[in-house]
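First up is the structure itself, then whatever we jot down about it.
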Amino acid sequence: MPNYDIQPLITSPTLIFCVVLLIILFAPIIMGKLRIPHIIGMVLAGVLVGQYGLNILERDSSFELFGKVGLLYIMFLAGLEMDLESVKRNSSRFLTFGLLTCLVPLALTFVMSAWLLDYSPTASFLLGCIMASNTLVAYPIISRYGLQRDPSVMLSVGSSMLSLFMALLMLAALAASYGEDAGVTFWLLFILKFILFLALSIWLIPILARYFLRRYSDAIMQFIFVLAVMFLSAAASEVIGVEGIVGAFTSGLILNRYIPHVSPLMNRIEFTGNAIFIPYFLIGVGMLINVRTLFQGPHMLWIVSLIVFFGTFGKAVAAYLSSLLFRLPKSAGHMMFGLTCAHAAGAIAMVMVGMRLEVSPGHYLVSDEMLNGVVIMILITCIISTLITEHAAQQIVIANREQPTADGQQEHEKILLCVKYPDIAPQLLELAMMMRSRTHDSGLVALNVVYDDDKSAQNRQRGLQLLEQLQQRASASDISMQTQVRLSTNIANGIKHAFRETGGSEIIMGMHVHTEVNPKFWGDFIQSLYNGLNRQIVLTRFVQPLNTLRRIQVVVPSRAEFEPGFYRWLERLGRMAANLDCRIQFHGRNESLDLIRQYLDSHYATIRAEYTYMAHWNELPTLAETIQTDHMFVVITARKGTISYKNALDRLPNELMQHFSGKNLMIIFPDQYGEAKEESMTFTSAQHQEESSIYDTILRWISRIKN
C-alpha cells in the first residue's frame with residue numbers, strides 16, 4: 001500500500017495559491033484544445049496534484065474554506081439566476097421531476113446494494129440517499145452559454161434542490177435512528193426550526209436588501225453586503241441541522257429580484273465565483289479522489305461499476321421520462337440528465353456522516369470499500385455530467401438560433417445616453433443596460449453636451465471624468481460604450497447632431513429637476529429636442545434605485561398602437577420588466593391593451609403583466625393615489641399633430657407636477673414617422689458640420705450683442 005503520509009512537495013501558502021491559479025489559468029486552455037469541458041480539467045488537475053496523485057499540494061484548510069465557499073456560490077448563483085415567475089407557473093413540473101430524480105435512483109441503488117453487493121439495509125439506504133442527491137457541478141457551463149433561464153435548466157436546478165433536501169432529510173432520519181433523541185419530538189422540532197428559518201429569511205432579507213441598496217450605491221459595499229447575506233443564510237441553515245447549500249440557495253432566490261441580471265453587481269458576483277471560488281471547489285473535489293483504488297482488484301471495479309451504473313441510470317430514467325411527460329425536446333432531456341447526474345461534496349458529506357455511525361463496537365456503517373467506491377463515483381459522474389451538459393448546451397443554442405427572432409429585436413439599436421449630473425448618470429446607464437438587447441451586440445453611446453461659454457473648458461473636463469466613470473461601469477458588465485463630449489451653444493441641437501452622427505436609434509436622458517433655477521417642467525431644451533427629433537426619447541426621474549422597484553405602471557393613450565414606434569417602446573418596457581422581475585401594469589383602452597397583451601404573451605410570456613381599462617386621461621389623479629414609492633410611473637405621450645395626440649396631453653406637465661411629485665417617473669416620446677421619414681431627414685457628415693458651424697456662429701453673435 002502506498003504511504004499517503006509523506007510530506008507534500010509544496011507547503012508554502014504562497015506557492016500553493018500560485019499553483020492553484022496556474023491550474024485555473026491553464027486548465028481551460030488545455031481542455032479547450034482537447035475539446036473537453038474545462039471543468040473536467042479542474043477535477044483531473046486536483047487528482048494529479050493531490051496526495052493520491054503526485055502529492056504536490058496538501059489539501060489544507062484553504063481548500064476546505066474556498067471549496068465550501070465555491071459550493072455555496074454555485075447554489076447561490078443558481079438561485080439568483082432562476083426565473084421565479086416561470087417556477088411559479090411550472091410548480092407541478094418541478095415537483096414531478098424533483099420526486100422522480102430523487103426516488104428513482106434511491107430505489108435502484110437500494111435494491112442493487114442489498115441484492116448484488118450484500119450490504120445491510122441501512123448501508124444500502126445510505127448509498128441510495130447519496131445517489132438520490134446531486135451537485136450542480138456543470139452549472140458554470142450553463143453560465144458560459146447564457147442558458148440560465150432555459151426551461152430545462154430551471155427544472156434541473158429546482159429539482160436538484162428538492163432532491164437534495166429530501167436526501168438530507170432522509171439522512172437526518174437515518175442518523176437520528178442511531179441516537180437517543182430519534183423520537184417524534186425530534187422531528188417536530190426539526191420541522192418547526194426549518195419553517196421558522198424560511199419565514200425569517202423571507203421576511204428579513206428583503207427588508208435588509210431594500211434598506212441597503214437604496215442608501216448605498218458603492219459597488220464594493222453592495223458586493224460585500226450580498227456575500228454577507230449569503231453566508232449568514234447558509235450559517236443559519238446549518239444551525240437548524242440542514243446543509244448550508246440550502247440556505248445559500250434560499251438567499252439567492254430571495255435576492256433574485258433585487259439584483260438584475262444585466263447589472264454590474266451581478267457581473268461582479270459571477271466573476272468572483274467563476275474566477276476563484278468555484279474552481280477552488282472543483283480542484284478540492286479532485287484532491288479527494290484516489291484513483292489507485294481502482295487497481296486494488298476486480299472486486300473494487302465491480303463495486304464502482306455498480307454504483308455508477310445504477311445511480312446514473314436512475315438519474316437518466318428520471319430526466320428522460322420527465323422530458324417525455326412535459327413534451328420537451330430531446331436536447332432538454334440531455335440537459336436535465338447532464339445537470340442532475342453529478343455528485344460531489346454533498347456525497348462526501350453524506351458518506352462522512354455514515355462513517356461516524358457505529359453499527360457495532362469497532363464497526364461503522366460505511367466501510368472503506370464503500371468510501372472508495374463513492375469517491376471514484378464522484379470523478380466518473382462529474383466527467384459524464386460535464387460532457388453531456390456541454391453537448392446539450394450546444395444543441396439548445398443551435399436550436400434557438402434557428403428560430404425566428406422576435407419582432408422588435410431585428411431593428412437597429414444604438415441607444416444614446418445623455419448625461420450631465422453624476423448623481424443620476426449611473427442610474428441612467430443601468431436603465432439603458434436593461435432596455436438594450438442582450439442577443440445582439442447593441443452598443444451604447446454616452447454623450448455630455450457642454451455650453452460653449454467662458455466655463456466650457458472646466459465643464460468639458462468634468463464631462464470627461466463623468467464619462468470615464470460610466471465607461472468603467474459599462475465595462476464591468478462587458479458592454480461596449482462610446483463616449484463623446486460636445487461643445488455647443490444650444491444643448492438640444494448638440495444632442496440632435498450627435499444623435500445623427502452616431503446613428504442612434506433612441507435617446508435616454510434624465511428629466512429636468514432643478515426647478516428652483518428654472519420652474520418650467522421641461523426645462524430649457526427638452527421641448528425643443530422632442531419637437532425637433534422624431535425618434536424615441538425616454539425621460540426619467542429616479543427617486544430610488546431601479547433594482548428596488550416592485551411594479552411598473554404604464555399609461556397608454558388611445559390610438560397609440562397606430563404610431564410607428566408602438567412596438568419599440570413596448571419591447572423596451574418588456575425587457576425592463578423581465579430584467580427587474582417586477583410586475584408591469586398597463587392602463588389604457590381595450591384596443592391598445594389587446595395588442596400589448598398579444599405581444600407580451602408572444603415574446604415575454606414569463607413577466608407578470610396586468611391590464612386595466614382606463615377610459616380617459618382625467619383618471620390620472622385617481623391613478624396617482626395607487627402609485628407607491630417603489631413603483632415606476634410610465635407615461636406614453638405623443639407629439640402634436642400625431643395620431644395619438646390629444647388636448648389632454650397639454651395638461652400633462654401640470655398634472656405630473658401636482659399629483660406625481662416625489663415618484664419615480666418615466667415619460668416616453670415614441671417614434672412618430674418611422675425609419676423612412678427619419679432617413680430622409682438625416683444629413684451627410686459634411687452638410688451637418690457646415691450647418692452646425694453656421695448655426696453656432698449666429699447664436700454666438702447674438703449672445704455677444706446681448707452682452
Side-chain angles (χ1 to χ4, degrees), residues 85 89 404-411 435 505-506 530-531 534-540 551-578 580 582-627 631-656 659-660 663 665-678:
E85 187 60 26
R89 293 184 179 183
T405 309
D407 295 338
Q409 294 189 8
Q410 292 182 337
E411 60 187 359
M435 287 188 168
S505 62
E506 56 216 277
Y530 71 72
N531 283 331
N534 294 320
R535 303 308 300 270
Q536 178 167 290
I537 300 175
V538 180
L539 305 174
T540 59
R551 183 182 291 266
I552 302 173
Q553 304 254 24
V554 187
V555 176
V556 184
S558 59
R559 300 191 298 274
E561 65 272 18
F562 295 105
E563 300 290 356
F566 177 72
Y567 287 107
R568 183 187 289 270
W569 64 256
L570 184 55
E571 170 71 21
R572 303 307 182 261
L573 292 180
R575 293 174 185 171
M576 182 179 172
L580 289 174
C582 65
R583 296 183 183 275
I584 183 168
Q585 184 173 5
F586 293 90
H587 305 266
R589 298 285 182 89
N590 289 332
E591 297 82 4
S592 305
L593 296 181
D594 289 342
L595 289 176
I596 293 173
R597 182 186 289 108
Q598 292 176 15
Y599 185 87
L600 294 183
D601 288 345
S602 174
H603 303 316
Y604 294 95
T606 60
I607 68 173
R608 296 168 290 174
E610 301 173 6
Y611 308 92
T612 305
Y613 177 76
M614 189 179 75
H616 199 275
W617 278 57
N618 292 336
E619 300 177 21
L620 281 184
T622 305
L623 180 60
E625 299 175 359
T626 66
I627 305 297
H631 291 190
M632 170 68 79
F633 183 62
V634 181
V635 179
I636 310 299
T637 185
R639 300 166 176 88
K640 285 187 177 182
T642 58
I643 192 170
S644 61
Y645 179 80
K646 57 193 66 191
N647 293 330
L649 291 175
D650 291 336
R651 303 191 304 270
L652 181 64
N654 294 331
E655 291 184 345
L656 292 178
H659 302 291
F660 296 91
K663 305 290 179 66
L665 183 62
M666 179 183 295
I667 302 175
I668 298 180
F669 291 90
D671 291 342
Q672 299 292 168
Y673 296 109
E675 286 291 329
K677 182 70 175 179
E678 185 62 33

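Worth saying up front: this structure is predicted, and the values here are computed from it rather than measured.
Closest non-hydrogen pair, Ser505 versus Arg535, comes out as O-NH2, 3.7 Å. Minimum heavy-atom separation, Pro670 to Ile636: CG-CG2, 3.9 Å. Residues Thr626 and Leu623 come closest through the heavy atom pair OG1-O, 2.7 Å. The minimum heavy-atom distance between Glu655 and Leu620, with the atom names listed, is OE1-CD1, 3.2 Å. When all heavy atoms of Pro653 and Asp650 are compared, the closest pair comes out as CD-O, 3.6 Å. Among all heavy-atom pairs drawn from Val556 and Ser592, the shortest one is CG1-CB, 4.3 Å.
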Problem set entry | Test side chain to side chain contact (heavy atoms under 4.5 Å, CB included) applied to Leu573 and Tyr604, step by step | CA-CA 10 Å; Leu573 292 180; Tyr604 294 95; over 6 Å; no
For this session: Go through Arg589 and Tyr613 one step at a time and tell me if the side chain to side chain contact (heavy atoms under 4.5 Å, CB included) criterion holds.
Result: CA-CA 6 Å; Arg589 298 285 182 89; Tyr613 177 76; 4.1 Å; yes
For this session: May I have the step-by-step check of side chain to side chain contact (heavy atoms under 4.5 Å, CB included) for Phe566 and Ile596, ending in yes or no?
Result: CA-CA 9 Å; Phe566 177 72; Ile596 293 173; 3.6 Å; yes
For this session: Verify side chain to side chain contact (heavy atoms under 4.5 Å, CB included) between Leu570 and Leu595, making sure each step is shown before the conclusion.
Result: CA-CA 10 Å; Leu570 184 55; Leu595 289 176; over 6 Å; no
Problem set entry | Arg597 vs Asn590, side-chain hydrogen bond (donor to acceptor under 3.5 Å, both in side chains): CA-CA, chis, key distance, verdict | CA-CA 10 Å; Arg597 182 186 289 108; Asn590 289 332; over 6 Å; no
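Contacts of Ala638 classified as side-chain contact (heavy atoms from CB on, under 4.5 Å), with partners at least two apart in sequence or in another chain: Thr642, Ser644, Tyr645, Leu649, Gln672. For Gln536, the side-chain contact (heavy atoms from CB on, under 4.5 Å) partners are Glu506, Val538, Arg568, Trp569, Arg572, Ile668, Asp671, not counting sequence neighbours.
In this structure, the separation between CG on Leu600 and CZ on Arg608 is 14.0 Å, given to the nearest 0.5 Å. Separating the CZ atom in Arg583 from the CD atom in Glu610 is a distance of 5.5 Å, to the nearest 0.5 Å. Between the CG atom of Leu539 and the OH atom of Tyr530 there is a distance of 9.0 Å, given to the nearest 0.5 Å. A distance of 10.0 Å separates OG1 in Thr637 from NZ in Lys646, rounded to the nearest 0.5 Å. Put simply, CZ on Phe660 and CG on Leu665 are 8.0 Å apart, with the number rounded to the nearest 0.5 Å. Here the CZ atom belonging to Phe586 is positioned 8.0 Å from the CD1 atom belonging to Ile552, to the nearest 0.5 angstrom.
The aromatic rings of Tyr567 and Tyr599 sit tilted relative to each other, their planes meeting at an angle between 30° and 60°.
In this structure, Met435 and Met576 have side chains that are in contact, with non-hydrogen atoms separated by less than 4.5 Å.
Checking each of Ile627, Ile584, Val634 against Gln553 for a side-chain contact (heavy atoms from CB on, under 4.5 Å) leaves exactly one that passes, namely Ile627.
A side-chain donor-acceptor contact under 3.5 Å links Glu563 to the backbone of Ile643.
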